[in-house]
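I have placed the structure first, in the form of structure tokens, so that the comments after it can refer back to it.
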Amino acid sequence: MLHSYLRAYSALCTALVLASLGAAQAQAPTITSVIPMANARAAARNAPLTVSFSQPLTPASAGALKVFSSQRGGLRTRGTTPAVVSGNTLSFAPAAYDFRPGETVQYTVTTAAAGSGGALAQGRVGQFTAAAGGTGRGRLVTDVPTALPGDPTKLAVGDLDNDGDLDFVTANLLAATASVRLNNGNGVFGGTLDLPASGEVADVALGDLDGNGTLDVVVLSNSISSPYFGTARVYLNSGSSFVRSTDVTLSLSSVEIKLGDVNGDGVLDLVSANEGAASVSIRLGTGIGGFGAGSEVLVGIQPLALALGDLDGDGDLDLAVATFGSGEVDVCLNNGLGTFSGTQALRGGNHPAALAMTDVDGDGDLELVVTDEYAGGAIFVHINNGQGNFSLTLPIMVGGNLFGMAVGDLNADGLPDLVVSDRGAGQVRCCLNMGSGAFGAAQSFAAGLVAKSLALGDADGDDDLDVFVANGGTIHTVTLLRNAQVLATAPGHTPIALALFPNPAHGAVVLTGATPNAPLGVLDALGRVRLTATTDATGSARLVLPAGLPAGVYLLRCGGQVRRLAVE
């Protein structure tokens, strides 16, 4: 009897072990690594994107990798240049031509990736930045502007005719058009193509919406009579002409659009900030040149700017929105299917106007960088802990009435630098990244009468990043600022130390040792700007403290230099 029991027990254990082994063998593949790593700041332009899995993939998995260039070629994994399956890896090498200097490359691994145990459970979306090079080191030289109609307010750059150089398209607010201007290869732009819109044009975006390997144009406009609904009009690019495809209704007073794969299906979707509705519209891409069903995400008052990127490291695109009326940056995390929920409302100054995501400190996650239009010219950097939670760093005081912002590596050191436009002074200001997320003092360059939006790209084929500036006012142009020699605040420059006297202070304080003719700010413990001023030609300033300023410890910041100021 005992022997029979033991034999039965042994048979049961064997069955359980075999079942366990079968279950293990039937497990679906998981992604074990992606190279370049997500949010890489300076990936080699000719290096392959390689995704490794926990088990060998089926040959049909080659179609699961979608790689999108933001500046040339749109969907790169198509036709004669597909992704390649090799054992446990799925990869794409930009063999036909390299990625563009400084461009953002987006990729999606869809659930079409499969192994012997089934399909990938959930898609993964990520992005990286291709390295910039060349001899330019951040001194910007103003070139001959390109004349345009009707107050160009926003612009986007990309190779629209697939000839290997960067063209641009502008949103002409008062002309009800978007202007396409083509590059002759040396940074000189011509042509007369203006794409009609349905009202006041607020923004433009470029992306391959139909998967044919060219960059299509999305034009955002608002009706000129109440209710002021936004419309995204799609112009599909055949490579030689643009054909109007569809109009997509958004919400009240839409002011900015972005394209990205928010639901992980390998197709670009549309996201718009709606100033009048205090919302963000999500419209899912169809893959054939249009947008279908979507949803609305409620955010703070007057959303003016937005950015997409993986903020919490879970393999999908999250959303950040600068809300001008609330003075905040709202962070909305993605569940992987394009549904967003709010997490943090971050301080964005008094009136945040422009927003970007980038890894400022080199730890592999994305920080949030926001400009304040009316805080004495402040840029706020919110440091990410890798899980989508943020802490505020000291504001960078650059001065002026800030409007547009772009992020890119101006001096080819692998670090993202900051470029902002001061529309009041008609200038562009650049702050070089000194490493670990600290930025040097701003340097100013003439841009145009009313400098508005900015874009970065290699306009003249020398591998460094130039600056495109949309200028409004009474003279409507796009000005190209070519990247030349080194800025005075490049790595290796040692500024004179700031000095404050008296400190502690009462009534007034004298500052010495600052950058000549530079804006400065005094901030309280909450990061609020309590006083702004400008140094003189010797780098000095006498600051009269505001009446009623509470006693305590404040921070005085001038460019990349900071000192504590005690007020009695």
Side-chain angles (χ1 to χ4, degrees), residues 68-76 78-79 100 103 106 146-185 188-223 230-250 254 256-260 267-272 283 285-292 453 455 457 459 468 470 476 478:
F68 290 92
S69 165
S70 62
Q71 291 191 351
R72 185 185 181 193
L75 180 62
R76 296 292 302 269
R78 56 176 298 275
R100 295 285 310 182
E103 76 166 326
Q106 299 184 53
T146 303
L148 292 161
D151 197 8
T153 300
K154 298 285 186 70
L155 82 163
V157 300
D159 185 1
L160 296 171
D161 52 2
N162 274 350
D163 63 352
D165 51 47
L166 286 186
D167 313 303
F168 69 76
V169 57
T170 59
N172 305 320
L173 180 67
L174 302 180
T177 61
S179 293
V180 174
R181 297 296 182 264
L182 301 180
N183 191 343
N184 72 350
V188 177
F189 299 87
T192 58
L193 179 59
D194 297 316
L195 305 175
S198 60
E200 293 185 343
V201 182
D203 198 7
V204 289
L206 301 178
D208 188 357
L209 303 179
D210 55 1
N212 71 340
T214 62
L215 295 176
D216 307 307
V217 179
V218 184
V219 184
L220 175 65
S221 63
N222 291 281
S223 57
T231 299
R233 176 168 294 178
V234 176
Y235 284 92
L236 295 180
N237 185 355
S238 69
S240 59
S241 64
F242 292 91
V243 178
R244 178 179 168 184
S245 171
T246 185
D247 287 2
V248 181
T249 301
L250 300 170
S254 302
E256 184 162 291
I257 51 176
K258 300 292 183 185
L259 299 175
V267 174
L268 295 180
D269 309 305
L270 183 145
V271 182
S272 76
R283 299 292 181 265
T286 62
I288 57 174
F291 300 96
S453 293
F468 296 73
H476 307 143
V478 164

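Since we're looking at a predicted model, the values are computed, not measured. All values below were derived from every heavy atom in this structure, side-chain atoms included, with hydrogens, water molecules and symmetry-related copies excluded. Sequential numbering from 1 along the given sequence is applied to the chain's residues.
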Over all heavy atoms of both residues, which pair between [X] and [Y] is shortest? Give the atoms and the distance, please.
X      : Y      : result
Glu103 : Ser70  : OE1-N, 3.2 Å
Val157 : Ala455 : CG1-CB, 3.9 Å
Asp165 : Arg100 : CA-NH1, 4.2 Å
Leu236 : Ile288 : CD1-O, 4.4 Å
Gly213 : Asn162 : O-ND2, 3.4 Å
Ser254 : Ser272 : OG-OG, 4.2 Å

#### Entry: Test side-chain contact (heavy atoms from CB on, under 4.5 Å) applied to Val204 and Val169, Val180, Thr170, the passing residue
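Output: one option passes, namely Val169.
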
State whether the side chain of [X] and the backbone N or O of [Y] hold a donor-acceptor pair below 3.5 Å, judged by distance alone.
X      : Y      : result
Thr286 : Gly290 : yes
Asp159 : Leu166 : no
Asn237 : Leu160 : yes
Asp208 : Leu75  : yes
Asn183 : Ala459 : yes

### Query
Can you say whether the rings of Phe168 and Phe189 are parallel (under 30°), tilted (30 to 60°) or perpendicular (over 60°)?
tilted

So how far is it from [X] [atom1] to [Y] [atom2], rounded to the nearest 0.5 Å?
X      : Y      : atom1 : atom2 : answer
Asn184 : Leu182 : CG    : CG    : 10.0 Å
Asp247 : Ser221 : CG    : OG    : 7.5 Å
Asp167 : Asp161 : CG    : CG    : 4.5 Å
Asn172 : Leu155 : CG    : CG    : 10.5 Å
Ser198 : Leu220 : OG    : CG    : 9.0 Å
Leu195 : Arg244 : CG    : CZ    : 11.0 Å

### Message
Assess the residue pair Leu206 and Val217 against the criterion (side chain to side chain contact (heavy atoms under 4.5 Å, CB included)); give the C-alpha distance rounded to whole Å, side-chain angles, the decisive distance to 0.1 Å, and a yes or no.
### Response
CA-CA 5 Å; Leu206 301 178; Val217 179; 3.7 Å; yes

### Task
With sequence neighbours excluded, give me every salt bridge (charged side-chain N to carboxylate O under 4.0 Å, His left out) pair touching residues 170-181.
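Output for this query lists Arg181-Asp194.
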
### Message
Using the rule given for side chain to side chain contact (heavy atoms under 4.5 Å, CB included), can you reason through Leu270 versus Leu259, listing the C-alpha separation, both sets of side-chain angles and the distance that settles it, and then say yes or no?
### Response
CA-CA 5 Å; Leu270 183 145; Leu259 299 175; 4.1 Å; yes

#### Entry: Derivation and outcome, side chain to side chain contact (heavy atoms under 4.5 Å, CB included), residues Val218 and Leu209
CA-CA 9 Å; Val218 184; Leu209 303 179; 3.7 Å; yes

### Message
Is the shortest side-chain heavy-atom distance between Ser245 and Phe291 below 4.5 Å?
### Response
no

### Query
Are the charged groups of Glu256 and Lys154 less than 4.0 angstrom apart, N to O?
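Yes.
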
